[in-house]
2 protein chains.
Amino acid sequence: MTKKSKQEAQCVLPRNSILAGDCIEVMNSLPENSVDLIFADPPYNLQLRGDLNRPDNSKVDAVDDHWDQFDSFQAYDEFTRDWLAAARRLLKPDGAIWVIGSYHNIFRVGAALQNTGYWILNDVVWRKTNPMPNFRGKRLTNAHETMIWASKSEGAKYTFNYEALKSLNEGVQMRSDWVLPICTGHERLKDEEGNKAHPTQKPQSLLHRVIVGSTNPGDVVLDPFFGTGTTGAVAKMLGRDFVGIEREDSYRKYAEERIAQISPFDKSALEVSTSKRAAPRVPFGQLVERGMLQPGDELYSAGNRFKAIVRADGTLVGKDFKGSIHQVGAHYEGAPSCNGWTYWHFKRDGQIISIDVLRQQIRAEMEGRTN
Amino acid sequence: MTKKSKQEAQCVLPRNSILAGDCIEVMNSLPENSVDLIFADPPYNLQLRGDLNRPDNSKVDAVDDHWDQFDSFQAYDEFTRDWLAAARRLLKPDGAIWVIGSYHNIFRVGAALQNTGYWILNDVVWRKTNPMPNFRGKRLTNAHETMIWASKSEGAKYTFNYEALKSLNEGVQMRSDWVLPICTGHERLKDEEGNKAHPTQKPQSLLHRVIVGSTNPGDVVLDPFFGTGTTGAVAKMLGRDFVGIEREDSYRKYAEERIAQISPFDKSALEVSTSKRAAPRVPFGQLVERGMLQPGDELYSAGNRFKAIVRADGTLVGKDFKGSIHQVGAHYEGAPSCNGWTYWHFKRDGQIISIDVLRQQIRAEMEGRTN
DNA sequence: GTGTTTAGTGAATCGAACG
DNA sequence: GCGTTCGATTCACTAAACA
């Protein structure tokens, strides 16, 4: 790295702007560990070798008969390794990346992701409702593209808005195959003559799902192959910041205009369903401290087969075992674990009520305090 | 190659038999340019950490077999290169290969295919109708596997029965995504104790489509990871010859018995997925993703008595309640349930329009899909 | 016999916070 | 840093058990 770019690398990330230039150079000039999500739609046309800005590697594996073809794969692999490494440097430790491609390039990209240290979380198939048919009838209709979702490294705490995606899917878990139409109609950017402004403009619906699912409002999304700025447009709509990198002047111009016209959705509309994991933890002992349950009270298991008694320190004691609500529940069920909150019940006025109701009361009080 | 295996390599291909041993060694002992199609289901190299329990605390029966264990990506890549090279030698010049895998291995397999000189024709997604859910809610449901279809080299005249596949798909071009159930029920081979005979048995419907689409009657199909012989069973049914290679004695035994019981052209075993499906379910969230409704838009109840606001994850928020379109509708009506699609309306150009109109638009787009 | 409920299962890289 | 504890989390389908 030159001295100049070293200095540049100290700079603050220019949020909500489109940077001109080669994406590898530009990424190397941005501060490390500064980006929450990267969405990348890299080029895959192997014929455009000159566009990769890489000298041909003269080392030829003479064992292989297809040396010329191999050489071109090699150049693409090198390019892929380089931009993936530059992107990984920018990611926060708990950040993630999405890359989209077709069978021409996605296998090389996926292998490079794994070799670079990313950890694949899912591959996701975009199933096109309206693909272009195979006119010559020589192959299957190419009706999908593949996305790879990966964290920066194994074990990282990536963002995943499970409940929000479940809501987007009528209350059942979001699957790894997404059925969405390609980008057409008014959404498709056209030039003055009515020709498409960009050959592979992605639909906003695709980015909507990616960004809702793997970022939170206020996060920064970087797109190193910005094109006409679908990533930036959807990020702005959804109250996220973006950074775009694009080499072609023409595409940048379309993207600027397009994003300027967008106004973010109202903040309350951007709140999404959250998981119980995000709710504050309530120690069972607090129910005793607050007098919602009293030492000596009896709790009954789900199914009413077991009984335990509440003690002053918030532990339970059963016939032959004592411990936390979870431990005693697990013991009686012979299970590896047990959620005591949903397992145990108390009696009041002849009714059997889950102790989780009491926890919800406490949480409601806490919310009133902080909001 | 040793002298012995050189001699062996001169031998005639042993049609309709299951060969014991390591697939690379066995393939190297078979005559070159002798096989029309290869179907391969290699080890996926899953890297599972600890145990996984379902929410009901039952334990997931993981694929932890010794044959799926590799020391590193490098070791897996080496293995992949070797068996792909041996397989390519066996293929007739106009032969083709299918390889199936998941995100754990398919990217490495695809890159190796390209590097070995194969020419990718399509990647095909097997969308499972009934995949195992993601029990911890930490990722997307892993609902598909990927197959790669490749010819021996660029420009080869591979076999593709376009019309046959079109017929299998109710008269429209077969697409690159195939919707098929996983292998369960009577088709799934069990041992004496009722446990599955093989952890990853593939459904016959999948092989049916592969073999009908890319071979002709009388062709030879080779499967180097034969397992319990789904490839051989379907090949025999369809009047094709097969060669299986399998290392595990137990799997070979099941395969022998299974294939012996099959008589060719068993019509009842043919494609069953031709029935029309019910109107596809459209998640309300898709209206938001597609921009037909926007986060912050107001919806009005039938009768115009209640109002709710659309959020980015496809849930609604009303005055004192939030949830799905159905839940919020039911809440306001004090009803046990509510069809949100007919209950909620939006305003456009002064008109009040049912959101069901938007759903019908999406369904109209999806028509023509038959999978 | 017939309809209903309960149990089981499938290629899975399936925590996070506290002390 | 590491061991311990808390406690969140499932869809489609089959088949046996039950009423």
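Note that the structure is a prediction, hence the values are computed from the model and not measured. Proteins get letters first, then strands, A, B, ... in listed order; numbering begins at 1 in each.
At a threshold of 4.0 angstrom between heavy atoms, the contacts of A:Gln327 are confined to the sugar-phosphate backbone, with no base atom among them. Note on A:Thr342: nothing from the nucleic acid sits closer than 4.0 angstrom, heavy atoms only. When heavy atoms are screened at a 4.0 angstrom cut-off, B:Thr141 is found touching no nucleic acid atom at all. In this structure, A:Arg175 reaches neither bases nor backbone, as no heavy-atom distance under 4.0 Å exists between it and the strands shown.
In this structure, CG of A:Leu287 is placed 11 Å from P of D:dG7, rounded to the nearest angstrom. Between the CG atom of B:Leu180 and the P atom of D:dA12 there is a distance of 17 Å, given to the nearest Å. We find that CZ of A:Phe160 is positioned 18 Å from P of D:dA8, with the value rounded to whole Å. Residue A:Gln173 contributes atom CD, which lies 13 Å from atom C1' of D:dA8 at whole-angstrom precision. Rounded to an integer number of Å, the gap from CG of A:Leu165 to P of D:dT10 is 13 Å.
Remark: B:Arg127 fails to qualify as a cation-pi partner of B:Trp178 under the 6.0 Å distance and 45° angle criteria applied to the six-membered ring. A cation-pi arrangement is present between A:Arg88 and A:Tyr118, with the terminal nitrogen or guanidinium carbon under 6.0 Å from the aromatic centre and inside a 45° cone about the axis.
Distances shown here put every side-chain N or O of A:His326 at or beyond 4.0 Å from the OP1 or OP2 atom of D:dC6. Using a 4.0 Å cut-off, some side-chain N or O of A:Ser324 falls inside it from OP1 or OP2 of D:dC6.
One C1' atom belongs to D:dT10, the other to C:dT9, and the distance between them is 12 Å to the nearest Å.
Checked for salt-bridge contact, A:Lys92 and A:Asp94 miss the test: no charged N lies under 4.0 Å from a carboxylate O.
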- line: Readout for nucleotides 8-15 of chain C: B = base within 4.0 Å of protein heavy atom, S = sugar-phosphate only, - = neither; 5' to 3' it is -BBBBBBS

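A 3.5 Å limit on both hydrogen-bonding distances identifies no Watson-Crick or G-U partner for C:dA12.
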